[in-house]
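To find a chain, count down the sequence lines: A is the first, B the second, and so on, and within it residues start at 1.
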Number of protein chains: 2
Amino acid sequence: MIEYSSQPHYLVAVDCIVFGFDGETLKLLLVKRSLEPEINKWSLIGGFVGAEESTDDAAIKVLKKNTGLDGIYLEQFKVYGKPDRDPIERTLSVAYFALIDIKKYSQQLNADYHAEWFPINERPELIFDHNTMVADARKRLRYKAALHPILFELLPKKFTLPQLQTLFEAVNDMKIDTGNFNRKMNSTGLLVKLDEKDKSSSKKGAYYFKLNHKKYRSDFHLVFNLLPNLSLDL
Amino acid sequence: MIEYSSQPHYLVAVDCIVFGFDGETLKLLLVKRSLEPEINKWSLIGGFVGAEESTDDAAIKVLKKNTGLDGIYLEQFKVYGKPDRDPIERTLSVAYFALIDIKKYSQQLNADYHAEWFPINERPELIFDHNTMVADARKRLRYKAALHPILFELLPKKFTLPQLQTLFEAVNDMKIDTGNFNRKMNSTGLLVKLDEKDKSSSKKGAYYFKLNHKKYRSDFHLVFNLLPNLSLDL
DNA sequence: TTATTAATTGTCATGTAGACAATTAATAAT
DNA sequence: ATTATTAATTGTCTACATGACAATTAATAA
């Protein structure tokens with residue numbers, strides 16, 4: 001039997017930076033950590049990678065366990081591999097960011113798992129290097145969202161143009177001109193206008209749109225310019 | 001003493017996809033693997049992550065050991081974490097791509113470490129999932145190079161416009177109009193024209209340029225459009 | 001009727017992009 | 001001196017994108 005002699009072995013975890021959008025504010029899903037050390041402190045959703053699963057599998061599992069949701073947009077974006085990032089024992093963490101339609105998230109699981117949504121700018125301090133992970137994930141989200149129509153993952157099946165614009169403004173911390181924004185979005189071919197209106201936030205009501213999934217899939221990898229004054233930092 | 005109970009532990013490796021450019025062809029640095037299994041087969045440069053080093057440290061070390069070079073452009077781009085990717089024992093691999101000025105690479109180390117440059121399109125079969133890693137790294141390189149001036153990392157201190165164009169054409173597998181290309185490159189402010197000429201490939205000779213490092217550093221994160229007909233796939 | 005938000009449209013200046021052609025330049029080889 | 005060769009720049013044309021800003025039309029609850 002061949003062996004790799006006496007190389008050191010490490011724990012491997014996954015951590016998920018879960019973004020959500022409620023129509024107004026960009027949010028982050030956090031949990032109270034259930035094991036020592038730092039028990040009861042706020043933390044990203046995460047878990048160890050089991051013997052029979054890939055890191056992708058582990059991230060999917062973690063997300064399922066904490067939100068009850070399947071088929072979530074997940075993207076591995078960085079490994080955190082400093083030797084001392086976990087004070088107890090060396091643990092590498094493979095970080096993923098996830099985009100969730102917040103309305104799909106079932107409230108009772110919230111209670112079960114002590115998970116809670118926080119407005120991204122009013123979140124508590126997190127354990128270990130999780131604050132850094134969140135900052136990195138935000139940057140990556142901004143970057144990706146400027147070039148690919150990824151933010152649709154955060155919206156419910158039916159959404160309005162004002163909601164879409166609010167989302168873009170929240171992610172990028174900027175005001176966007178409505179006329180130009182709508183023109184641009186309509187020109188992507190990604191939107192399908194529905195007959196129904198959302199009258200919850202105005203008298204006139206805003207038409208609902210749904211995503212053209214076929215176009216979304218086929219054009220996802222193309223490079224768009226979805227942001228005015230594109231100037232990113234990553 | 002707190003412990004994470006009986007979670008499984010794994011080996012963690014780094015693998016580097018090392019790109020080089022000789023003025024004509026995009027190349028890949030490979031080594032003959034020195035341990036079982038698959039000993040003497042071609043492989044990416046890699047190694048296990050030691051107990052006292054971060055994954056970034058490990059990648060730097062691996063590169064230093066195999067090329068003798070420091071200060072190489074290195075970017076972590078993906079973790080390969082399938083349980084069975086290594087037949088002997090579960091090993092996660094953190095993949096980095098590296099960009100090397102091929103002229104800096106010292107030939108004698110080549111012999112010592114059995115490392116060899118292959119034209120990227122005429123490379124041998126690689127072990128494990130290394131073929132996939134190379135394909136992924138190429139895509140990532142193309143993507144990044146279209147948006148950021150990263151390809152300068154592959155060029156020597158002095159380079160000519162024709163060399164630069166050839167490099168862009170090699171990375172992206174396309175012909176580029178010289179007039180438009182030179183206009184675009186000159187307009188970035190990244191180039192500093194030198195007095196000296198390179199007469200090796202023409203009678204007239206092509207002026208050497210060097211990189212404006214200050215501008216390079218300050219503008220690196222901005223999103224450029226360095227490719228005609230930008231249409232990427234990642 | 002009014003206030004309010006939605007959605008579209010217009011306009012203007014500016015810039016980029018790319019196809020394509022032409023020109024000027026330098027110099028080694030003949 | 002002429003020629004062949006590659007380098008580098010420039011011109012031109014069309015098309016389209018961009019973004020600032022304003023104006024307009026629309027729908028409807030209060």
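Side chains of Thr55(A) and Tyr96(A): a donor on one and an acceptor on the other come within 3.5 Å. In this structure, a donor-acceptor pair under 3.5 Å is present between the side chains of Tyr216(B) and Glu153(B).
A heavy atom closer than 4.0 Å to some atom of DNA chain C occurs in Asn182(A), Arg183(A), Asn186(A), Lys193(A), these being the qualifying members of residues 182-195 of chain A.
Remark: the backbone N or O of Ile176(A) is paired with a side-chain donor or acceptor of Glu169(A) at under 3.5 angstrom. Put simply, the side chain of Asn131(A) gets close to the backbone of Leu126(A): a donor and an acceptor are under 3.5 Å apart.
In this structure, the nucleotide among dA6(C), dA28(C), dA8(D) sitting nearest to the side chain of Ala206(B) is dA8(D). Closest to the side chain of Asn225(A), from the set dT18(D), dC20(C), dT28(D), is dT18(D). Nearest to the side chain of Asn180(A), among dA20(D), dA6(C), dA25(C), sits dA20(D). Taking every side-chain heavy atom of Lys203(A) into account, dA3(C) is the closest of dA3(C), dT8(C), dA28(C).
Between Lys197(B) atom NZ and dT5(D) atom P the separation is 18 Å, expressed in whole Å. The distance from atom CG of Leu164(A) to atom C1' of dT5(C) is 17 Å, rounded to the nearest whole Å.
Here dT10(D) sits opposite dA21(C) as a Watson-Crick or G-U wobble pair (both hydrogen-bonding atom distances under 3.5 Å). When Watson-Crick and G-U wobble pairs are counted only if both distances are under 3.5 Å, dA27(D) pairs with dT4(C).
At the heavy-atom level, Thr160(B) lies nowhere under 4.0 Å from the strands shown.
Here the rule is side-chain contact (heavy atoms from CB on, under 4.5 Å) with Phe159(A), and of Leu194(A), Leu191(A), Leu154(A) only Leu191(A) fits it. When Leu164(A), Asp101(A), Leu211(A) are each tested for a side-chain contact (heavy atoms from CB on, under 4.5 Å) with Leu155(A), only one passes: Leu164(A).
For a distance-only test at 3.5 Å, the side chain of Lys204(A) qualifies as a donor-acceptor partner of the base of dA6(C).
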